[in-house]
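Worksheet for the structure shown next.
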There are 2 protein chains.
Amino acid sequence: MTFSRPVEDEVDRLVAAWKQERPDLDVTPLEVLSRVSRLSRHLERERRAAFASHDMESWEFDVLTALRRAGEPYELSPGALLRATLVTSGTMTNRIDRLAAAGLVTRRPDPEDRRGVLVRLTPAGMHRVDAAFADLLRRERELLAGLEQHEQQALAALLRTLLVPFDTSDAATH
Amino acid sequence: MTFSRPVEDEVDRLVAAWKQERPDLDVTPLEVLSRVSRLSRHLERERRAAFASHDMESWEFDVLTALRRAGEPYELSPGALLRATLVTSGTMTNRIDRLAAAGLVTRRPDPEDRRGVLVRLTPAGMHRVDAAFADLLRRERELLAGLEQHEQQALAALLRTLLVPFDTSDAATH
DNA sequence: TCGATTTATCTCGACGTCAAGATAATGAAG
DNA sequence: CTTCATTATCTTGACGTCGAGATAAATCGA
């Protein structure tokens, strides 16, 4: 039970400005969606900073992480990787090229489908991602320190509701 | 009061995979923060699609919107604009250049500060942004249709808590 | 008033992403 | 078996963003 709410964020100001300028419009959708976008941008900056100390780029982490959590043998197709990371196929090809050049993944033809390719995490890649991930979790925990456990759960559940339509409907290849 | 929760999103699967692979780590921060990032990416795609029909880019909209809601005389400095849009100064210079070339804004020296510049929305820019904004709100309302009014408010409040530290502490110039 | 610091904007090269299209293999239908 | 639609990956060029640094004006302090 919290009683104080004197604190404003940028979105409060933004919404107030719109109400002033366009009182005819109902801008309440911004209360949620602008906050999601802005928070995501701030988080991305934090991630960048966190990874810098591990000499890793945030796009590298996204790919390596997907492979890592896939479990043995830490191998996925480019298609699976692009669905996990929400980037286009061209972007994923490019990312895999560079990760392979850095020795963090290997690429081999899929023996079951001659169109396909399989990307596998190397021991070096595994080591890198594990270190960075532990650090990221530590930092993310701090960012969430302002919320009680049950608030975090409530927040997660609400976000899930918004996310489900995206994650189910389209198996978008892009 | 809702009892059903059979529905999973991609983050549920992602968290389950991590628990399998690294049971020693507490990955609950991902429940919130991965969802924010992923949702933001999906929203960005939606925005792109929404603006396409108005023949407008999403970066253009961000700048024009900031000017529009500032009210008469619809004029802000590049510094104010970059803080509103969370981009770097180099990016903002570039954006203003292109918007000015398109006739949607004008740029003039700040009479009060010879280092400064003032960017003003033109009538054409105003017209464009008003049309696009109305459309965006309509689409965003649909995205939120899965949540009751009070759920949206709760969600907004929780997000605000996470956002406040970013929006207060740093007046980051970048 | 002078020098040092801060603030505001711009420049430029490196880089990552996207969109569209190319290639090639697979799967489905008759 | 042949044709057609689909799927998987890669190629390419255009584009927007970032980061670092340059310039110049304003502000602060002794």
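Just so we're on the same page: letters track the sequence lines, and every chain starts at 1.
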| query | Do B:L143 and A:L162 come within less than 4.5 Å of each other through their side chains, counting heavy atoms only? | reply | no
| request: Check the distance between D:dC15's P and B:D97's CG and give it to me in whole angstrom. | output: 15 Å
| request: Would you jot down, in residue-number order, the residues of residues 100-116 of chain B having a non-hydrogen atom under 4.0 Å from DNA chain D? | output: B:D113, B:R114, B:R115
| said: What is the distance, to the nearest angstrom, from the CE atom on A:M92 to the P atom on C:dA20? | reply: 19 Å
| task | Kindly say if A:R98 contacts the phosphate of C:dT17, meaning a side-chain N or O under 4.0 Å from OP1 or OP2. | result | yes
| query | Any donor and acceptor pair, going by atom type alone, linking the side chain of A:R128 with main-chain N or O of A:D55 inside 3.5 Å? | reply | yes
| said: Tell me the closest heavy-atom pair linking A:A50 and A:S53, and the distance in Å. | reply: O-OG, 2.8 Å
| field | A:D167 side chain vs B:E10 backbone, donor-acceptor pair below 3.5 Å | value | yes
| So, A:T28 and B:Q152: side-chain donor and acceptor under 3.5 Å apart, yes or no? | no
| message | When you measure from the side-chain N and O atoms of B:R45 to the phosphate of C:dA19, is any distance below 4.0 Å, counting only OP1 and OP2? | response | no
| query | Within the pair B:T91 and D:dT17, is there a side-chain N or O less than 4.0 Å away from OP1 or OP2? | reply | no
| note | Residues B:L30 and A:F133: closest non-hydrogen pair is CD1-CZ, 4.0 Å
| said: Could you check whether any side-chain N or O of B:T93 sits under 3.5 Å from a backbone N or O of B:S89, counting only pairs where one atom can act as donor and the other as acceptor? | reply: yes
| said: What is the distance, to the nearest angstrom, from the CZ atom on A:R95 to the P atom on D:dC10? | reply: 14 Å
| task | When you get a sec, tell me which of D:dT17, D:dC10, C:dC18 is the closest nucleotide to the side chain of B:N94? | result | D:dT17
| note | Here the distance between atom C1' of D:dC18 and atom CG of B:L82, to the nearest Å, is 13 Å
| said: I'd like to know if the side chain of B:R38 reaches the main chain of B:L33, judged simply by a donor and an acceptor atom lying under 3.5 Å from each other, with no hydrogens or angles considered. | reply: no
| request: Could you work out which one of D:dT9, C:dT17, D:dT17 sits closest to the side chain of A:R41? | output: D:dT17
| request: Using a strict cut-off of less than 4.0 Å between a Lys/Arg side-chain nitrogen and an Asp/Glu carboxylate oxygen, indicate whether B:R47 and B:D62 qualify as a salt bridge. | output: yes
| said: Roughly what angle, to 10°, lies between the helix axis at the start of the helix from C:dT1-D:dA30 to C:dG30-D:dC1 and the one at its end, five pairs per end? | reply: 30°
| query | Between A:R68 and B:W18, is NZ or CZ placed under 6.0 angstrom from the six-membered ring centre and within 45° of the ring axis? | reply | no
| query | Rounded to whole angstrom units, what separation is found between the CG atom of B:L86 and the C1' atom of D:dG16? | reply | 16 Å
| Looking only at heavy atoms, which two atoms of B:I96 and B:V119 are closest? And how far apart? | CD1-CG2, 3.7 Å
| Rounding to a whole Å, what distance do you find between B:R47:CZ and C:dC18:C1'? | 17 Å
| Where each residue is assigned the nucleotide of DNA chain D containing its nearest heavy atom, which of A:R48 and A:I96 is assigned the position nearer the 5′ end? | A:I96
| field | Within residues 51-66 of chain B, residues whose heavy atoms come under 4.0 Å of DNA chain C | value | none
| query | Is a side-chain donor or acceptor of A:E142 paired with a backbone partner of A:R139 at a separation under 3.5 angstrom? | reply | no
